[in-house]
Amino acid sequence: MDDLNLLFSAVPPLLGWYRLHKRDLPWRKQRTPYTVLVSELMLQQTRVEAVKERYVHFLQRFPTAEALADANEEEVLKEWEGLGYYSRARNLHKAAKIIKSEGFPQTWIGVRALPGVGDYTAGAICSIALGLPSPAVDGNVLRILTRLLADGRNTDDIASKKYFSKRLEVVFPKEAGEFTEALMDLGATVCVPNGEPMCGACPWVSICKAHARGEELLFPVRAEKKARRVEDLSVYVFKCGEKYAIEKRPPGGLLAGLWGFPIVPLGLGEPYMKQGSLLATKKAKHIFTHVEWRMTGYLIKVDRCEVDFAPTFAPLTWATPEEIKARYAIPSAFRAFKEWIE
Ligand code: SF4
């Protein structure tokens, strides 16, 4: 059977399997195009388990695009706290303003033009929320399709995504949203990314070429990964009475415009340690997509909250733990040091 016919024959068993085994996820209840947009942006580069609870809170706080559009950016960032990749929150906020004034777009091109929406997210939103035959091809979908077809093309090559998108467009059934979510669920629960796939539970077990050859783990074929850049940094948690010093990070670069503890290349802030007494130190690590932060943190008691730490640090804001909790979004990169003030 050629690949296209194999794909056609894979659709009915996949839909049948999905109806019996679909995951119970909060964003699959009471859906609107706006709630699909929220969930898809939250799920970009973030695990389903980490999103579940945050999605519910976010929707309670901003139940409609209008409510989100009317909020200020600090409120939105605060509600996004801990999810990481904060540009998604800013993009969602901008998208809500567009939707408030122009309505939710009804075409792939219109959805794709929303801030923060790439090809995958546009495909997911269009198929799930609008019922359009728009494939959403990510690493999970590439994995299951390359296994089904025993296709050895390099899945890190952008052309591979385009190739499989075109193929899926041809076989897309009228149950567009179910099809997209069935592909997602098969990749998440059966044909899993780490370890052996559970072929015995797979609706494609009798047609999968990789399984027939016992070559499941040979697919997908990937390019060699580049190593992450490692940055060694010092994090200073200055304590003055009940208050702690935080700084707004610069508008560009990692965690742009968010709040955090003063952080500098390792060794650069050491003269400032002499301005107070050292209460504790700890080490922590945070991994971004291309960079790894290896941090040494110093909890330092100082006598005056007005100390000028320039030029090494940006102007500092002094706040109590309660004020920080209520008003300032501190990303999870600083989680280990935030424990000192909680
Ligand atoms: S049969 Fe196995 S390898 Fe093939 S798609 Fe299903 S789980 Fe993946």
Side-chain angles (χ1 to χ4, degrees), residues 1-25 27-28 39-40 43-52 119-121 123-124 126-128 133-225:
M1 197 187 296
D2 70 25
D3 285 357
L4 204 50
N5 278 319
L6 182 52
L7 273 179
F8 269 116
S9 70
V11 175
L14 179 68
L15 289 175
W17 169 86
Y18 175 71
R19 286 167 191 152
L20 290 175
H21 300 286
K22 64 181 169 188
R23 289 174 293 171
D24 180 19
L25 299 170
W27 45 90
R28 290 182 175 173
S39 62
E40 287 304 324
L43 287 162
Q44 288 173 355
Q45 293 162 303
T46 306
R47 289 174 306 107
V48 164
E49 286 309 312
V51 169
K52 276 182 178 172
D119 288 351
Y120 170 83
T121 306
C126 287
S127 54
I128 296 168
S134 308
V137 178
D138 65 353
N140 281 318
V141 171
L142 287 172
R143 181 177 59 261
I144 62 177
L145 293 183
T146 54
R147 286 177 178 172
L148 173 69
L149 304 173
D151 188 310
R153 74 193 66 228
N154 173 6
T155 54
D156 288 319
D157 184 346
I158 192 79
S160 299
K161 266 192 189 165
K162 290 210 169 109
Y163 172 83
F164 285 109
S165 287
K166 289 276 167 230
R167 297 254 133 170
L168 284 181
E169 266 172 26
V170 177
V171 304
F172 232 84
K174 65 179 188 322
E175 302 89 343
E178 279 189 300
F179 184 56
T180 291
E181 292 190 305
L183 290 167
M184 291 175 177
D185 281 18
L186 192 70
T189 64
V190 175
C191 198
V192 290
N194 301 312
E196 296 277 339
M198 289 168 254
C199 301
C202 181
W204 293 345
V205 65
S206 61
I207 56 172
C208 174
K209 286 189 178 174
H211 178 67
R213 298 177 192 171
E215 294 179 347
E216 297 91 333
L217 295 180
L218 295 187
F219 304 96
V221 173
R222 311 259 341 242
E224 264 183 46
K225 273 196 182 167

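For clarity, every value in this text was computed on a predicted model and none was experimentally measured. Every number for a ligand or one of its atoms is a count from 1 in the order of the listing.
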[Y] and [X], any side-chain heavy atoms less than 4.5 Å apart:
| X | Y | result |
| --- | --- | --- |
| Val141 | Leu168 | yes |
| Trp17 | Leu186 | yes |
| Trp27 | Glu40 | no |

Between Glu181 and Tyr18, is there a side-chain donor-acceptor contact under 3.5 Å, judged purely by atom types and distance? yes
Under 3.5 Å, is there a donor-acceptor pair between the side chain of Ser9 and the main chain of Leu6? yes
Exercise: identify the closest heavy-atom pair between Val170 and Phe8: O-CZ, 3.7 Å
How about atom 6 (Fe) of ligand 1, which protein N, O or S atoms come within less than 2.8 Å? Cys202 SG
